[in-house]
Amino acid sequence: MMSNFVGPGARPAETANPHLEEDTTLSPGTISSSDEYAANPRFLQLQEELRDVLFTAVASHAPTRHQSPRPSDPIEDSTSGLLRNSLDFAQVSIPKVRLIHYLKNWIIECAPHLDKFDEQSHFGVHIPVLAQSSPALFYAILAFSARQTERKACLDKSYDSLELYQQSIRLLSPYLQAKDPNVLVTVCILGCLELMSVSPRDWRRHVEGCAALFDAYNVNGFSGGHLQAVFWCYARMELCGAVISEGTEGTILPLHKWVPLQAADSEEERDIMIKNLFCQDGCSNPDRHANWAVYLCAKTCNLACRRSRFLELGELDHNDTRPFSEQWRQLWEELQFWNDNRCPAMLPIRTTTAGGGQIFPEILFAHWAAISGNQLYHTAGIMMLQMKPANTPLISPSPHSSPVWHARRVCGISLTNPHSGNLINAIQPLYLAGKLLSHRSEHLEVARLFKKIETSTGWGALWRLRDLERAWGYESGEILSAI
């Protein structure tokens with residue numbers, strides 16, 4: 001397959017695609033698979049090159065801890081010549097008109113996927129401006145957009161994204177050597193591209209380099225500006241992988257590095273200090289409240305991992321010596337506090353119950369961040385109730401103590417709110433929720449959601465439906481063929 005790939009200066013015939021700007025309607029038989037792209041030897045080689053570049057940079061050029069970068073920090077002069085250069089479209093063999101199409105697609109379709117928890121729209125507004133002085137970032141944006149275009153149109157033989165991915169990696173090293181914090185933007189976008197293109201079960205390999213850089217630059221969820229927005233984009237990737245691991249892996253970047261350093265005498269005191277960080281404006285900021293849901297859901301995944309390691313395997317927990325039941329109770333209370341203290345923008349503007357031909361409840365939100373934020377609350381609720389210690393009392397209202405109630409609301413939120421960025425974020429929650437559903441009509445409705453996510457966003461979702469088919473007891477493809 002890769003004999004057809006050539007670098008800049010030559011152009012394989014199969015990559016020419018004059019119809020990229022057409023609206024492609026997919027039939028069930030043409031749904032794209034990432035298998036061929038993921039197995040592409042050149043793609044695999046480039047992934048390893050990117051990992052090597054990142055870990056070499058972290059080991060050799062990491063900033064010191066007491067000099068963490070700020071979004072406004074100037075870039076060192078070692079790359080100033082490169083940054084002043086205008087973008088050279090001739091560095092790749094892709095026609096300029098198609099590159100401009102990819103840039104438009106980024107602004108119109110891709111960036112809103114990543115800006116769903118960011119009212120300031122850093123990925124859609126600020127980062128394209130930043131890319132004008134960073135060729136590595138510019139080509140990362142184009143690569144992501146090209147890959148999303150290819151997947152939506154099922155163009156498995158089109159390698160524009162691969163050439164642009166290669167070009168971004170080639171231009172990355174000078175920015176790493178200059179200790180430019182904006183390199184985090186480029187690396188995060190490339191990580192998103194990888195997760196969109198290959199099996200998410202290999203998630204650790206795609207986010208380890210990001211985690212190492214965020215740690216080295218001491219950038220966290222409260223750093224401010226576009227770096228803060230990029231961090232939470234990375235955090236959602238982390239959460240996706242942690243959910244997929246189903247209790248076997250925790251987050252790569254430890255949760256205490258997701259927030260500014262909190263000097264506390266106990267875990268309970270640290271939990272209170274972190275809660276106050278997220279509530280510093282009275283819990284009235286929808287973006288921050290949604291990011292808090294990401295944090296709490298990741299904390300739930302870590303607790304599931306601790307349960308596997310420290311309770312079931314008998315390892316010693318040197319980080320938190322509290323009994324598991326106490327850790328569980330504390331986190332459950334944090335989740336209920338999150339739910340009870342939502343600001344008006346995080347509350348549904350319309351809710352109806354199932355019935356009368358409606359399979360799942362209708363739960364409509366006006367704010368983008370509210371969609372995934374609330375869905376992640378219910379996702380954490382499912383996981384928490386599935387590992388609830390015996391004889392642990394619940395003081396929550398009765399519906400919140402039912403994992404099936406949470407599962408049905410996860411499905412209802414996605415059905416009622418078709419925002420594409422939040423549909424991408426819903427793939428893992430829908431899988432966890434789907435496993436708790438028993439009726440075929442529910443299975444068919446969830447299957448339609450997975451198909452809609454893959455065909456409308458370009459992100460791989462049907463691999464999770466195949467997992468659900470096995471969990472439900474169907475033959476492979478039986479449910480998909482019925483919708």
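In what follows, residues are counted from 1 in the order of the sequence shown.
Judged by distance alone, the side chain of S168 and the main-chain N or O of A136 form a donor-acceptor pair under 3.5 Å. Here the side chain of W292 pairs no donor or acceptor atom with the backbone of C279 at under 3.5 angstrom. Side-chain atoms of H443 come within 3.5 Å of backbone atoms of L437 as a donor-acceptor pair (strictly under, hydrogens ignored). Distance alone, capped at 3.5 Å, places no donor-acceptor pair between the E48 side chain and the L44 backbone. Under a 3.5 Å cut-off, the side chain of H113 and the backbone N or O of E109 do form a donor-acceptor pair. For E442 (side chain) and I359 (main-chain N/O), no donor-acceptor pair under 3.5 Å exists by modelled atom type. At distances below 3.5 Å, at least one donor-acceptor pair connects side-chain atoms of S481 with backbone N or O atoms of E478. Although no hydrogens or angles enter the test, the distance criterion places a donor-acceptor pair under 3.5 Å between the side chain of N374 and the main chain of M346.
For the pairing with S161, the side chain to side chain donor-acceptor pair (under 3.5 Å) check across E150, Q166, R147, R151 returns one residue only, E150.
How far OH of Y234 is from CG of L227: 14.5 Å, rounded to the nearest 0.5 Å. I424 CD1 to Q148 CD: the interatomic distance, rounded to the nearest 0.5 Å, is 7.5 Å. Here F365 contributes atom CZ and I413 contributes atom CD1; the two are 4.5 Å apart, rounded to the nearest 0.5 Å. Here M237 contributes atom CE and C233 contributes atom SG; the two are 5.0 Å apart, rounded to the nearest 0.5 Å.
H378 and H406 have tilted rings, their planes meeting at an angle from 30° to 60° on a 0 to 90° scale. Using cut-offs of 30° and 60° for the angle between ring planes, the F278 and Y295 rings count as tilted. Below 30°, between 30° and 60°, or above 60°: for F231 and F214 the angle between ring planes is above 60°, a perpendicular geometry.
Donor-acceptor pairing under 3.5 Å is recorded for the side chains of R170 and Q167. Judged by distance alone, the side chains of H226 and N182 do bring a donor and an acceptor atom under 3.5 Å apart. If you check the side chains of Q375 and S414, you find a donor sitting under 3.5 Å from an acceptor. For E119 and H367, the side-chain atoms include at least one donor-acceptor pair closer than 3.5 Å.
Taking 4.0 Å as the cut-off between side-chain N and carboxylate O, R42 and E49 count as a salt-bridged pair. Salt-bridge check for E469 with R466: failed, with every basic side-chain N at 4.0 Å or more from each acidic carboxylate O. Looking at E194 and R51, no side-chain N of the basic residue comes within less than 4.0 Å of a carboxylate O on the acidic one, giving no salt bridge.
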> Would Y159 and F43 satisfy ring-ring contact (aromatic ring centres under 6.0 Å, His included), going step by step from the backbone distance to the final call?
Replying inline: CA-CA 10 Å; Y159 296 119; F43 180 64; 9.9 Å; no
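When every heavy atom of L277 is checked against every heavy atom of P260, the shortest pair comes out as CD1-CD, 3.7 Å.
At least 2.5 Å separates the SG atom of C297 from that of C301.
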